[in-house]
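To keep things clear, I will list the structure first and then write my remarks on it.
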Amino acid sequence: MFSVTSLLAFVILASRTSGNPVVVIDRSPILSLPLSRINNFTSGHDILAHDLARARHFKDLAKARATGQPLKRQSEPVINTVVQYIASVGVGASNSQYQLVVDTGSSNTWVGAGQVFTPSSTSTNTGEEVGNVYGSGVFVGFEWIDRVSLTSNLVIEQQSIGVAEEFLGFAGVDGILGIGPVLLTEGTIEDGSTIPTVTDNLFSQGTIAENVVSVYFQPPTSEEDSNGELFFGGTDSSKFTGEITFVPKVTNWWGISESVTYGSTSIVNNAQGIVDTGTTLILLNTNSFNAYIEATGAVFDSTTGLYRITLAQFENLQNLDFNIGGTTFSLTPDAQIFPLLFNADIGGSPGGIYLMVGDLGDEEGFDLINGFAFLERFYTVLDTTNSRVGFATTAFTNSTIN
Ligand SMILES: *[C@@H]1O[C@H](CO)[C@@H](O)[C@H](O)[C@H]1NC(C)=O
Ligand SMILES: *[C@@H]1O[C@H](CO)[C@@H](O)[C@H](O)[C@H]1NC(C)=O
């Protein structure tokens with residue numbers, strides 16, 4: 001029988017370079033999948049702990065892959081995910097709907113955490129064990145082949161999906177829609193092969209013209225919002241403004257090279273960042289974080305676990321500028337602070353102003369994570385075909401909603 005500890009014995013194999021077929025099929029897809037946001041935080045401490053557990057897991061995984069050593073994380077506590085973007089995805093002949101967390105930082109798609117998976121005429125059990133760890137949770141189960149319907153236009157006939165037998169850390173959701181790079185599936189099944197993602201299969205099956213998925217969120221305006229969109233096969237021009245700036249993908253995740261300044265203060269140069277829908281905050285390595293905190297004058301707030309500024313400091317807050325591929329993407333003061341609407345949920349005071357920036361630590365690996373706080377202000381294009389990541393401004397980039 002499965003156990004979570006047996007999963008942890010999975011060996012993460014050294015990464016391989018994969019082929020890069022570029023076949024563009026001339027079709028014009030209008031292929032978007034709506035996203036809703038769900039909050040489940042009870043304190044800012046949870047948010048930071050969740051984000052840091054995830055970041056630590058990314059670093060451990062990167063190290064395990066680089067050295068070919070097994071991934072060791074037996075002692076990590078499981079922390080429930082605190083902010084999630086959810087897509088309703090159909091599986092099987094009857095198109096049963098599962099509420100899946102959209103994750104750019106992992107690439108297995110799996111169901112069965114909440115709603116039990118019921119096989120149908122389109123379902124085949126491969127008999128192969130599958131499992132993955134997430135920093136904030138874990139699942140183990142079997143890999144099945146089934147029909148996956150993202151929307152009526154986005155149907156994958158033979159998608160390999162996990163069906164969880166055991167899981168931890170996925171309360172309130174049914175599994176994950178993994179839209180990270182396919183290499184992140186390596187080591188999740190025992191034979192060491194990779195499992196094509198939903199985006200890979202939509203592309204190889206000719207449903208979409210490019211192996212691209214674009215991510216659009218808006219700053220939250222209520223506890224539950226349904227204002228995000230995943231767009232498969234290209235970009236949705238109604239969701240961004242101006243030009244898209246592309247930069248080469250680095251790392252096994254959706255990683256980029258970027259520099260950050262706060263007003264006229266340099267925060268970090270030529271840093272390696274990861275674009276991640278599973279992280280709430282902007283995480284900066286310790287030196288960069290300290291430079292930002294010093295420049296803003298923020299102080300640690302032990303009640304929420306986040307850093308706090310006064311109204312006077314907020315009024316003087318400068319833009320936090322991300323220089324990516326020669327374009328500056330500015331997080332305005334409003335974009336740098338925790339949505340006031342949710343202050344009560346994190347144990348904050350009604351007028352308290354808390355920063356959406358956290359300390360990543362200074363272990364080796366990448367230098368920062370561009371989490372929701374960034375993604376809710378900038379349209380993001382994850383382009384496997386050209387191994388690059390793109391960003392553009394949106395109607396909400398400068399929005400004073402917070
Ligand atoms: C919300 O988080 C708490 C723990 O922080 C957890 O016990 C609960 O199951 C979660 N609920 C949902 C719906 O995610
Ligand atoms: C945001 O505001 C700045 C400063 O006013 C302006 O230069 C920029 O064009 C605006 N960006 C967007 C996307 O509206």
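When a ligand or atom number is given, it counts from 1 through the structure's own listing order. Owing to the predicted nature of the structure, the values given are computational and were not obtained by experimental measurement.
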For ligand 2, list every N/O pair with the protein closer than 3.5 Å, one pair per line with the distance.
{"residue": "ligand 2", "atom": "2 (O)", "partner": "Asn398", "partner atom": "ND2", "Å": "2.2"}
{"residue": "ligand 2", "atom": "11 (N)", "partner": "Asn398", "partner atom": "ND2", "Å": "3.0"}
{"residue": "ligand 2", "atom": "14 (O)", "partner": "Asn398", "partner atom": "ND2", "Å": "3.3"}

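- In this structure, Phe139 has its ring center at least 6.0 angstrom away from the ring center of Phe170.
- Legend: ring pair (Phe, Tyr, Trp, His ring centres under 6.0 Å) pairs involving residues 341-368, not counting sequence neighbours, sorted by first then second residue: Phe41-Phe342.
- Residue pairs meeting the salt bridge (charged side-chain N to carboxylate O under 4.0 Å, His left out) criterion with at least one partner in residues 383-398, sequence neighbours excluded, are Asp383-Arg388.
- Looking at residues two or more places apart in sequence or on another chain, you find no salt bridge (charged side-chain N to carboxylate O under 4.0 Å, His left out) involving Lys249.
- Aromatic ring centres of Phe203 and Phe232: separated by at least 6.0 Å.
- For the residue pair Asn398 and Thr332, the shortest heavy atom distance occurs at OD1-CG2, 3.5 Å.
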